[in-house]
Amino acid sequence: MKVLVVGNGGREHALAWTLLQSPNVEQVICTPGNGGTASMNNCQNLPLAVDDFAGIAQAVLKNQISLVVIGPEVPLSLGIVDYLRQRNIAVFGPTKSGARIESSKSWAKEIMSQANVPTAASKTFTDAVTAQEYLQRVGAPIVVKADGLAAGKGVVVAETIEEAIAAVDELWSQDSGKLVIEEFLSGAEISVLALTDGKTIRSLIPAQDHKRIGEGDTGKNTGGMGAYSPVPLVTAELMARIEQEVLQPTLEALNQQNIDYRGVLYAGLMITPLGDPKVIEFNCRFGDPEAQVVLPLLDTPLDEILLACVEQRLEQLPPFNWKAGSAVCVVAAAGGYPDAYETGKAIAGISEVNQEGVIIFQAGTKLQQDRLVTDGGRVLGITAIGDDFAQAVAIAYDAVKSVQFEGMYYRRDIGHKYR
Ligand code: AMP
Ligand code: GLY
């Protein structure tokens with residue numbers, strides 16, 4: 001079969017790569033894709049923007065696509081799944097109403113409260129003055145969040161009242177008129193991506209992201225600077241609690257709202273010092289870079305799982321199989337990211353990397369007259385699979401040494417909290 005993947009990040013390269021491992025998948029088309037998806041065998045890019053729903057629907061018909069997989073949150077929140085489903089196209093991802101779990105933090109909080117899902121205590125505000133008065137009363141540390149999508153820039157974890165007050169002013173100017181202020185949670189942050197057909201929900205193995213730009217988890221938030229999977233901290237017992245206390249009740253609450261959710265429900269979780277899971281946020285799609293470490297370890301054909309979600313027969317699938325070992329991804333970013341950065345820098349060394357177990361997923365790259373150049377903030381996801389975590393980290397950092405572009409920055413401490 002042929003699969004179309006919407007998006008152009010490292011996640012979409014990982015989706016395309018994993019789909020092509022399946023004996024059922026003969027070709028993947030990415031819209032618009034990146035330099036990595038343009039260079040893979042049996043993979044091809046079409047220059048269609050992620051919000052060009054009509055163009056994507058036409059490409060599906062023209063290329064006899066059997067399954068469409070939506071990578072990013074923006075087209076999901078704009079209703080790409082509703083649009084394609086209305087045209088009888090098999091598409092993996094939640095509808096616009098389901099995508100609100102990511103596109104409106106205040107609504108996600110309402111769902112969690114209805115479902116009794118453990119999460120940080122919060123309040124939603126519709127004017128800045130009331131929000132700031134509230135902050136004066138409750139004090140810091142505290143977390144201020146824009147309600148809507150903000151590409152990772154909508155959250156300020158404020159250590160002081162002054163910072164929190166400034167965050168309200170700053171985020172207010174970006175958002176639709178709603179802010180969420182919530183309790184600061186401490187603990188270990190993990191990502192659990194679960195797949196659902198709207199009735200059954202099954203989690204994938206857990207991953208840990210590294211959101212901050214600087215080593216030791218310092219500096220600004222980013223889309224994610226590296227990840228590893230699995231996470232030993234998440235024992236089978238803890239995973240069972242996450243399924244029972246978080247994933248299952250959230251799906252039920254979505255159903256109560258008449259939302260037919262067939263896609264990824266991604267829970268960003270804090271594991272508190274007492275060992276309890278609490279939701280930090282939900283996303284309606286695969287995490288990036290989490291997808292770059294979780295998907296290469298999957299040993300069940302991905303297309304079979306995604307199709308079972310679309311066709312609502314996930315319950316009938318046998319348990320997913322996983323490869324033994326561990327995966328680590330180190331993100332190489334453009335100098336300056338997550339602030340302003342330059343693009344168009346030549347990328348060297350990728351084709352020379354041929355260590356066993358290394359996969360270089362590409363994110364912000366493009367082919368310019370057969371030259372691979374940078375085209376975004378997060379440029380490469382240098383991923384390694386090893387027999388264990390220590391081996392995977394060593395292989396990944398060894399591979400990082402082989403690739404270069406002007407201004408390349410990466411964190412040297414991915415996995416520093418491994419436990
Ligand atoms: P979000 O976009 O909601 O994932 O927030 C971005 C990052 O901010 C998260 O990955 C956390 O590291 C941090 N964060 C968000 N909410 C909280 C919270 N309530 N307590 C502590 N850290 C948080
Ligand atoms: N890595 C975090 C995210 O995908 O939102």
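When a ligand or atom number is given, it counts from 1 through the structure's own listing order. No hydrogens, no waters, no symmetry mates; every other heavy atom, side chains included, goes into these values.
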Going by the atom numbers of ligand 1, which of them fall below 4.0 Å from some non-hydrogen atom of [X]?
| X | result |
| --- | --- |
| Phe184 | 20 (N), 21 (C) |
| Lys211 | 4 (O), 10 (O) |
| Lys145 | 3 (O), 15 (C), 16 (N) |
| Glu182 | 16 (N), 17 (C), 18 (C), 19 (N) |
| Asn221 | 6 (C), 7 (C), 8 (O) |

query = Looking at Glu215 and Arg411, does any basic side-chain N land under 4.0 Å from a carboxylate oxygen?
reply =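 Salt bridge absent between Glu215 and Arg411.
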inquiry  = Do the side chains of Lys278 and Asp276 get close enough for a salt bridge, i.e. N-O under 4.0 angstrom?
reply    =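 No salt bridge links Lys278 with Asp276.
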inquiry  = Counting neighbours of CD on Glu342 that are heavy atoms of other residues, nucleotides or ligands and sit closer than 6.0 Å, is the number greater than 12?
reply    =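 For Glu342, atom CD is not crowded (no more than 12 foreign heavy atoms under 6.0 Å).
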Suppose we measure from [atom] to each protein heavy atom; which comes out shortest, and what is that distance?
| atom | result |
| --- | --- |
| atom 23 (C) of ligand 1 | Val157 CG2, 4.0 Å |
| atom 10 (O) of ligand 1 | Glu189 OE2, 2.4 Å |
| atom 18 (C) of ligand 1 | Val143 CG2, 3.5 Å |
| atom 2 (O) of ligand 1 | Glu281 OE1, 3.2 Å |
| atom 15 (C) of ligand 1 | Ile280 CG2, 3.3 Å |
| atom 5 (O) of ligand 1 | Val155 CG2, 3.4 Å |

key: Result of checking Ile347, Asn8, Thr37 against Thr365 for side-chain contact (heavy atoms from CB on, under 4.5 Å)   =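 The side-chain contact (heavy atoms from CB on, under 4.5 Å) with Thr365 is passed solely by Ile347 among Ile347, Asn8, Thr37.
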inquiry  = Is it the case that the ring center of Tyr337 lies less than 6.0 angstrom away from the ring center of Tyr409?
reply    =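 Centroid separation for Tyr409 and Tyr337: 6.0 Å or greater.
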task = Check whether the ring centres of Tyr266 and Phe282 lie less than 6.0 Å apart, and answer yes or no.
result =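 Between Tyr266 and Phe282, the centre distance exceeds or equals 6.0 Å.
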Test side-chain hydrogen bond (donor to acceptor under 3.5 Å, both in side chains) applied to Glu252 - qualifying residues, sequence neighbours left out =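 Partners of Glu252 by the side-chain hydrogen bond (donor to acceptor under 3.5 Å, both in side chains) criterion come out as none, since no residue qualifies.
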message = Among residues at least two apart in sequence or on other chains, which ones pass side-chain hydrogen bond (donor to acceptor under 3.5 Å, both in side chains) with Glu133?
response =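 Here no residue qualifies.
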Which ligand 2 atoms, with their elements, are less than 4.0 angstrom from a heavy-atom of [X]?
| X | result |
| --- | --- |
| Gly287 | 4 (O) |
| Asp209 | 1 (N), 2 (C) |
| Gly223 | 1 (N), 2 (C) |
| Arg285 | 3 (C), 4 (O), 5 (O) |
| Glu290 | 1 (N), 2 (C), 4 (O) |
| Pro289 | 1 (N) |
| Lys211 | 2 (C) |
| Asn283 | 5 (O) |

ask   = What is the distance from atom OG of Ser104 to atom CG of Asp147, rounded to the nearest 0.5 Å?
value =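 Going from OG on Ser104 over to CG on Asp147, the span is 3.5 Å.
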query = Can you tell me how far the CD1 atom of Ile280 sits from the CD atom of Glu189, to the nearest 0.5 Å?
reply =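 The CD1 atom of Ile280 sits 3.5 Å away from the CD atom of Glu189.
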request  = Mark the output for Arg212 as yes if a heavy-atom distance to ligand 1 is under 4.0 Å, and as no if none is.
outcome  =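 It does not, in that no heavy atom of Arg212 comes within the 4.0 Å cut-off of ligand 1.
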Residues Asp387, Lys323; criterion salt bridge (Lys or Arg N to Asp or Glu O under 4.0 Å); working and verdict = CA-CA 10 Å; Asp387 293 339; Lys323 293 172 195 156; over 6 Å; no
task = Answer yes or no: is there a donor N or O on one side and an acceptor on the other, between the side chain of Arg11 and the main chain of Pro289, under 3.5 Å?
result =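 No; zero donor-acceptor contacts below 3.5 Å.
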ask   = Hey, does the side chain of His210 reach the backbone of Gly226 with a donor-acceptor pair shorter than 3.5 angstrom?
value =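 Indeed, once roles are kept as given, a pair shorter than 3.5 Å links the two residues.
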May I ask you to identify, for [X], whether its side chain, its backbone, both or neither come under 4.0 Å of ligand 1 on a heavy-atom basis?
| X | answer |
| --- | --- |
| Lys105 | side chain |
| Leu185 | both |
| Asp209 | neither |

request  = Please work out whether any backbone atom (N, CA, C, O) or any side-chain heavy atom from C-beta onward of Tyr266 is under 4.0 Å from ligand 2, and answer side chain, backbone, both or neither.
outcome  =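 Looking at Tyr266 and ligand 2, just side chain atoms fall under 4.0 Å.
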task = Is it possible for you to check whether Arg202 lies under 6.0 Å from the centre of the six-membered ring of Phe320, through NZ or CZ, and within 45° of that ring's axis?
result =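 So Arg202 does make the cation-pi contact.
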Criterion salt bridge (Lys or Arg N to Asp or Glu O under 4.0 Å) against Glu182, the qualifying member of Lys105, Lys123, Lys145 =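 Checked Lys105, Lys123, Lys145 against Glu182; only one passes salt bridge (Lys or Arg N to Asp or Glu O under 4.0 Å): Lys145.
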inquiry  = Please report whether ligand 2 has a polar contact with Asp288, defined as an N or O pair separated by less than 3.5 Å (distance criterion only).
reply    =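 Yes; at least one N/O pair falls below 3.5 Å.
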